[in-house]
Amino acid sequence: MDCWKGAAGHSWIYPTIIICANGFFSTMRPSEAFLTPYLTGPDKNLTIEEVTNQIFPVWTYSYLALLFPVFLITDYVRYKPVLLLQGISFIITWLLLLFAQGLVAMQVVEFFYGMVTATEVAYYAYIYSVVSTDRYQRVTSYCRSITLVAATVAAVLGQLLVSLADVSYFHLHAITLASVSLAFVCSFFLPMPQQSMFFHSKDGSGTLPGPDKAAATLGSDRPSGCPEDTSSAPADRGPAPGPQAGIAEPQHHVLRVLVQLCKDLRDCYSSRKLLYWSLWWALATAGFNQVLNYIQVLWDFRAPSHSSAVYNGAVEAIATFLGSATSMAVGYVKVNWDLSGELALGIFSAMDAGSLFLMHFTDNIWACYAGYLAFKACYMLLITIATFQIAVNLSMERYALMFGFNNFVALVIQTVLTVIVVDSRGLGLDINTQFLIYGSYFAFIAGVFLIRSIYTITSTKCRNTSVAGESLDH
């Protein structure tokens, strides 16, 4: 028993197994692909307009309000308490989905689901605080892979239960409640980290590494959303500052960390290359999340669930597989992304726009499904490229900071879209018109980056021609 306790306390294997189990059960939600049919069906008896214009927007507002404070609190309390909070939020969300009735109750559901998504940062950040840097790449692949497997299993299971076993949506949600409850139980067995990325860093300074320490190179085949750092901590780092000042004036320590975070953000965005890639990240992620939030409503509009067979689970499973395949393929493509990256952003963003226009103009549900598959595959391809381009010359700390800030900006943009386009207090557009807006939005992104890529390629060729001419003159 003592040997097992020692292994559990010091080995990287134990926390990795527990966090992966947590990730699997929290992502294994077979009811999620069928949320809109459940809300508009006899169980909740809500109208499609109520779901679209009054319920789903609450998630966006909740997520925006909670993201920044949760991001800081997660690091300050060292991850595990936030994972427990996520588990509680999951359970409350699905208890309300199962047993609560009415418009207001479903808006409360969306608030707690906003808490769930805001606390997701703790899942990926936790493991880096309990394993050594030489294990980062391996545990990142485990943590990311297990969630992709869980999402695929959940979608396939949900579809099989609905199509073959005629299981009700209510019972699908009961299965999801059991799964997220198991994830909550797993959280209790996680070792409490002794350090965190910013407020309780290894060197005790609570600050991010300076530019001279921010050159860790990250692998190009890392899945999007999973920061990793294959560099090791400097062996010659000096002794940590004494803890007396931090104990006497903890508020000053927090203020110093916040000031340092702001300085590091300024340094990161002073690079024009990082600025352009981050701009695409924020714009495209806002649109992508908006489409994901309302795609089920469009499917229900094209083929009402009360009179048509529903294949949402199968489509989500295929979309997850295609997204994973395209993300993995990026690691094997040899392209000068500095020269051609913005052209790729423009071309594939145009393909995203075309997919959304297809979903708007077609009345065929299968064409709508195909458009969604193409849209998600293109986005996953591009976000993987953007992840690498942003992270390639940054330390893990700076990458995590930019990742968080880019997603915050994306959420602000998404909130603006929701207020103007979706919310009943704004334009309150119907779902078909919304997808026309989203297609135009991605067409704008494509136009910006196509123009930028033409300028970049032309400038590079002119510069090379000029250099070649000067060489001939000499």
Side-chain angles (χ1 to χ4, degrees), residues 35-36 39 48-68 106-107 109-111 113-118 120 224-225 276-301 319 345-346 348-361 368 371-372 374-376 378-380 382-383 386 403-449:
L35 178 60
T36 297
L39 293 177
I48 198 73
E49 290 77 17
E50 288 174 328
V51 171
T52 306
N53 304 123
Q54 298 183 55
I55 295 176
F56 283 174
V58 175
W59 170 81
T60 306
Y61 306 147
S62 170
Y63 190 12
L64 178 64
L66 295 170
L67 181 61
F68 184 69
M106 294 304 103
Q107 289 176 327
V109 165
E110 291 297 311
F111 170 80
Y113 194 67
M115 177 71 77
V116 167
T117 49
E120 280 178 354
S224 76
Y276 285 127
W277 283 96
S278 295
L279 176 63
W280 177 87
W281 181 318
L283 290 170
T285 299
F288 177 77
N289 288 339
Q290 193 75 350
V291 169
L292 256 61
N293 209 24
Y294 294 95
I295 189 64
Q296 288 187 35
V297 179
L298 181 68
W299 291 341
D300 202 72
F301 175 75
L345 293 179
F348 284 101
S349 294
M351 292 177 64
D352 275 339
S355 300
L356 292 168
F357 285 135
L358 172 65
M359 287 187 267
H360 166 73
F361 288 108
C368 201
Y372 174 70
F375 171 80
K376 191 167 184 178
C378 288
Y379 172 82
M380 294 305 294
L382 292 180
I383 198 67
F403 172 79
F405 189 78
N406 287 346
N407 280 326
F408 178 74
V409 174
L411 190 53
V412 171
I413 298 170
Q414 185 185 354
T415 302
V416 172
L417 279 172
T418 301
V419 170
I420 296 174
V421 176
V422 183
D423 200 303
S424 57
R425 290 165 292 186
L427 296 177
L429 299 177
D430 64 88
I431 191 63
N432 196 41
T433 307
Q434 284 183 38
F435 273 74
L436 177 63
I437 300 296
Y438 303 149
S440 303
Y441 175 82
F442 272 91
F444 168 76
I445 296 174
V448 168
F449 283 91

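Positions are given from 1 along the sequence.
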>> For the OH atom of Tyr63 and the CZ atom of Phe408, what is their distance to the nearest 0.5 Å?
In response: 11.0 Å

> Where the side chain of Ser62 meets the backbone of Val58, is there a donor-acceptor pair that is under 3.5 Å apart?
Replying inline: no

>> Please identify which of these residues, Ile48, Ile431, Leu39, Thr52, meets the side-chain contact (heavy atoms from CB on, under 4.5 Å) condition with Asp300.
In response: Ile48

>> Once rounded to the nearest 0.5 Å, what's the spacing between atom CD of Gln107 and atom CD of Glu50?
In response: 9.5 Å

>> Could you measure the distance from the CG atom of Leu358 to the CE atom of Met351? Nearest 0.5 Å is fine.
In response: 12.0 Å

> What's the shortest heavy-atom distance between Ala410 and Ala282, and which atoms?
Replying inline: CB-O, 3.3 Å

> Taking all non-hydrogen atoms of both residues, which atom of Ala353 and which atom of Ala443 are closest, and how far apart?
Replying inline: CB-N, 3.5 Å

> Less than 4.5 Å apart, any side-chain heavy atom of Trp299 and any of Thr36?
Replying inline: no

>> Just verifying a value: how many Å separate Met359 CE and Phe375 CZ, rounded to the nearest 0.5 Å?
In response: 6.5 Å

> Does the ring center of Phe435 lie less than 6.0 Å from the ring center of Tyr438?
Replying inline: yes

>> Minimum heavy-atom separation for Ala350 and Ala446, please, with both atom names.
In response: N-CB, 3.4 Å

> Will you find, in the side chains of Asp423 and Tyr61, an N or O donor that is under 3.5 Å from an N or O acceptor?
Replying inline: yes

> Between Gln54 and Ser424, which heavy-atom pair has the shortest distance, and what is it?
Replying inline: CG-OG, 3.8 Å

>> Can a donor-acceptor pair be found, under 3.5 Å and without considering hydrogens, that links the side chain of Thr117 to the backbone of Gly114?
In response: yes

> Between the side chains of Thr285 and Trp280, is a donor N or O closer than 3.5 angstrom to an acceptor N or O?
Replying inline: no

> Should we say atom CZ of Phe361 is surrounded by more than 12 heavy atoms from elsewhere, each under 6.0 Å from it?
Replying inline: yes

>> On a heavy-atom basis, which atom in Tyr372 and which in Ala319 lie closest, and how many Å separate them?
In response: CE2-CB, 3.9 Å

>> Quick check: do Thr433 and Asp430 have side-chain heavy atoms less than 4.5 Å from each other?
In response: yes

>> Working to the nearest 0.5 angstrom, can you tell me the gap between Cys378 SG and Ile383 CD1?
In response: 13.0 Å

>> Measuring only between side-chain heavy atoms, which start at C-beta, is Ser440 closer than 4.5 Å to Phe357?
In response: yes

> When rounded to the nearest 0.5 angstrom, what distance separates CZ in Phe442 from OH in Tyr379?
Replying inline: 8.0 Å

> In this structure, which one of Val422, Thr418, Leu35 forms a side-chain contact (heavy atoms from CB on, under 4.5 Å) with Phe56?
Replying inline: Leu35

>> Within the structure provided, determine whether Asn407 and Leu411 are in side-chain contact (heavy-atom separation under 4.5 Å).
In response: no

>> Can you give me the closest heavy-atom contact between Ile55 and Glu110, atom names plus distance?
In response: O-CG, 3.3 Å

>> Working note: Trp281 + Phe403, criterion ring-ring contact (aromatic ring centres under 6.0 Å, His included); need CA distance, chi angles, decisive distance, verdict.
In response: CA-CA 9 Å; Trp281 181 318; Phe403 172 79; 5.7 Å; yes

> How about Leu345 and Trp277: do any of their side-chain heavy atoms sit closer than 4.5 Å?
Replying inline: yes

> Side chains of Tyr294 and Gln434: is there a donor and an acceptor less than 3.5 Å apart?
Replying inline: no

> Is there a donor-acceptor pair under 3.5 Å between the side chain of Tyr441 and the backbone N or O of Ala284?
Replying inline: no

